[in-house]
2 protein chains.
Amino acid sequence: MPVPERKSYHHRDLRNALISAAIPVLKEKGVMGLGMRELATLTGVSHGAPYRHFSDKTALLEAIAAQGYRQVSALCNSAREKYRQQPLQALEEAGIGYLRFVVDNPEIANLMFSGVLSPVRRGSELGEAAACAERDLLLIIELGKQAGLYAGFDNNDLTTAFLSMMHGLSMLLAGDLLPGQQRDERSVRVLGRTVAAILLNGMLRRGAGNGER
Amino acid sequence: MPVPERKSYHHRDLRNALISAAIPVLKEKGVMGLGMRELATLTGVSHGAPYRHFSDKTALLEAIAAQGYRQVSALCNSAREKYRQQPLQALEEAGIGYLRFVVDNPEIANLMFSGVLSPVRRGSELGEAAACAERDLLLIIELGKQAGLYAGFDNNDLTTAFLSMMHGLSMLLAGDLLPGQQRDERSVRVLGRTVAAILLNGMLRRGAGNGER
DNA sequence: ACCTGAACACCGTTCAAGT
DNA sequence: ACCTGAACACCGTTCAAGT
C-alpha cells in the first residue's frame, strides 16, 4: 500500500533503484521469495518496467552478485595498499574483511558462490567482476610469496589452502552451521584470526609421525 | 510426452519417487528450475498428488537436504570404523569423502549449506539429520584428539579449522571457482590431500617472525 | 528512450470429489 | 488412505501503445 517515493513523472534511475530494493527483500525472504513484480511496485513503476533494464530475473541477480564481487575486490585492494610492506597483516586484513562481508551479507554471498547463477560466462559483467575479485585476492597472497614467507609447498596449493579455509569458515559462519558460535564483529574477528593462525602454524603436534614433506 | 512407467492404478510409493525424480531435475535446472507440477508428471501422478506427501515445495527440498546429511553421516561413520586405530587416516578418509560428495552433488550440497532452506529448525527431519552429521564429523576429530595428535591449540578451534578448510575447498571446487582445477576423482583426491597436509603442517616457513603461540 | 497495462503461459497450493 | 481435476491467486515475460 505505501508505495514509497512515487515521483509522478515517467522515468528515473531504475536499475540501481531495483538493485537497492532487491537487497533487503533478499535478506528477508531469500532468493526464492524475491519477485520481479514486487520489486517493480517497491520502486514505484509498473511490473513491465524492470525488463527495460534487466532481460531476466537472473540478470538482476547477476548484477547483485557482481556488485558483491566488486566489494570483495575493493576490500582486497585496500588491505593490500594499507599493508604493502607487511604481507602477513595484509593477508589477515583481507581474510577478516572477507569473513565479515560474507557473514554480514549471507544472501549475496550465496548468490555469488552457490551456483544458483549458471556457470559464470566469460565476458559477462558477473564473469568480469568475479575474475577481478579472484585476481585481487591472489595479489595479496603474491605479496607474502615474494617476501619468502611461506613453507616449501607449491604456491598454488598454499593459495588454495588459505582461500579454502577463509571461504569455508565464512560460509559455515554465515549459515550458522558452527553450533554455539557467536557472530558479532568481535567474535568473528577473533575466530578468524585463531583459525588462520592454525593454518599458518599447522595443526599437528611437532614430531607426530606423518610422511608428508 | 513420454510419461515414464505409468502404472495404471492409483497409488504407489510416491514421496521416494518424488525425491528420486527431483534430484536429476535439480542437477539439470537448479533449484529455481525445479517445479512441483513437473515432478508430478515425471512420476506419473496429477499435480495435486505430491501435496499428500510434502506440505510444501520447501518440505520436498528439505527432505532432499536431509538425505544429503545422512549420506555425510554414513561416510563419516564408515571412515571412523575403518580406521579406528589410525585417526589421521580416518580424518583423511572422511575429508576426501566429504569433498567427493560435495563435488559430485553440488546442487544437494547447495541445498544443505546455502541457507535457501530456512534456519534449521530443531526437531525437524532436516534439523535431526544435520545435527547428526555434525556429531559424526566431530567424532572423527575426537579420535585424533584422544590420540594426542594435535598441537596446543584449543580443540574446538582445531575442529573448526579442519572443517572450514574441507568445506571451503569442497564448495570452491563444486562451484568451479578454482580456475584451472580439474575435478575428476583423482585430481580431487590429490588436491584434498595436499591442502590437508598444508593445514596439518602449517603454511609458514619455520622461524618466520609471527607472534602466535 | 523509457514506461504502462493488457495479455499469455505457467506456477504453487487448496479442496471437494472420486477410488 | 491416497489420488484427481477444477479452481484461485500469483508468478515471469512479452509487447503494442503511450509519453
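Here is the naming used below: chain letters follow the sequence lines, and residue numbers restart at 1 for every chain.
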Would you call B:E125 and B:R70 a salt bridge, using N to O less than 4.0 angstrom?
yes
Can you check the B:Y51 OH to C:dT13 C1' distance for me, whole Å?
5 Å
Distance in angstrom units between A:R52 CZ and C:dG5 P, rounded
15 Å
Between atom NE2 in B:H47 and atom P in C:dG12, what is the gap in whole Å?
11 Å
Between D:dC3, C:dC11, D:dG5, which nucleotide has the shortest distance from any of its atoms to the side chain of B:R37?
C:dC11
Please state how far atom CD in A:E38 lies from atom C1' in D:dC10, giving the value in whole angstrom units.
12 Å
Looking only at D:dC3, C:dG12, D:dA7, the nucleotide nearest the B:M36 side chain is C:dG12
Select base, sugar-phosphate, or nothing to describe what B:G48 touches, counting heavy atoms under 4.0 Å on all strands.
base
Could you check how far CE of B:M32 sits from P of C:dC11, rounded to whole Å?
14 Å
Rounded interatomic separation in angstrom, taking CZ from A:F54 and P from D:dT14
15 Å
Atom-to-atom span, CG of B:L14 to P of D:dA1 - whole angstrom:
17 Å
How long is the straight-line distance from CZ of B:F54 back to CG of B:L61, given to the nearest 0.5 Å?
9.5 Å
Figure out the CG/C1' separation between B:L34 and C:dC11, and round it to whole Å.
12 Å
C:dC3, OP1 or OP2 - any side-chain N/O from A:H53 closer than 4.0 Å?
yes
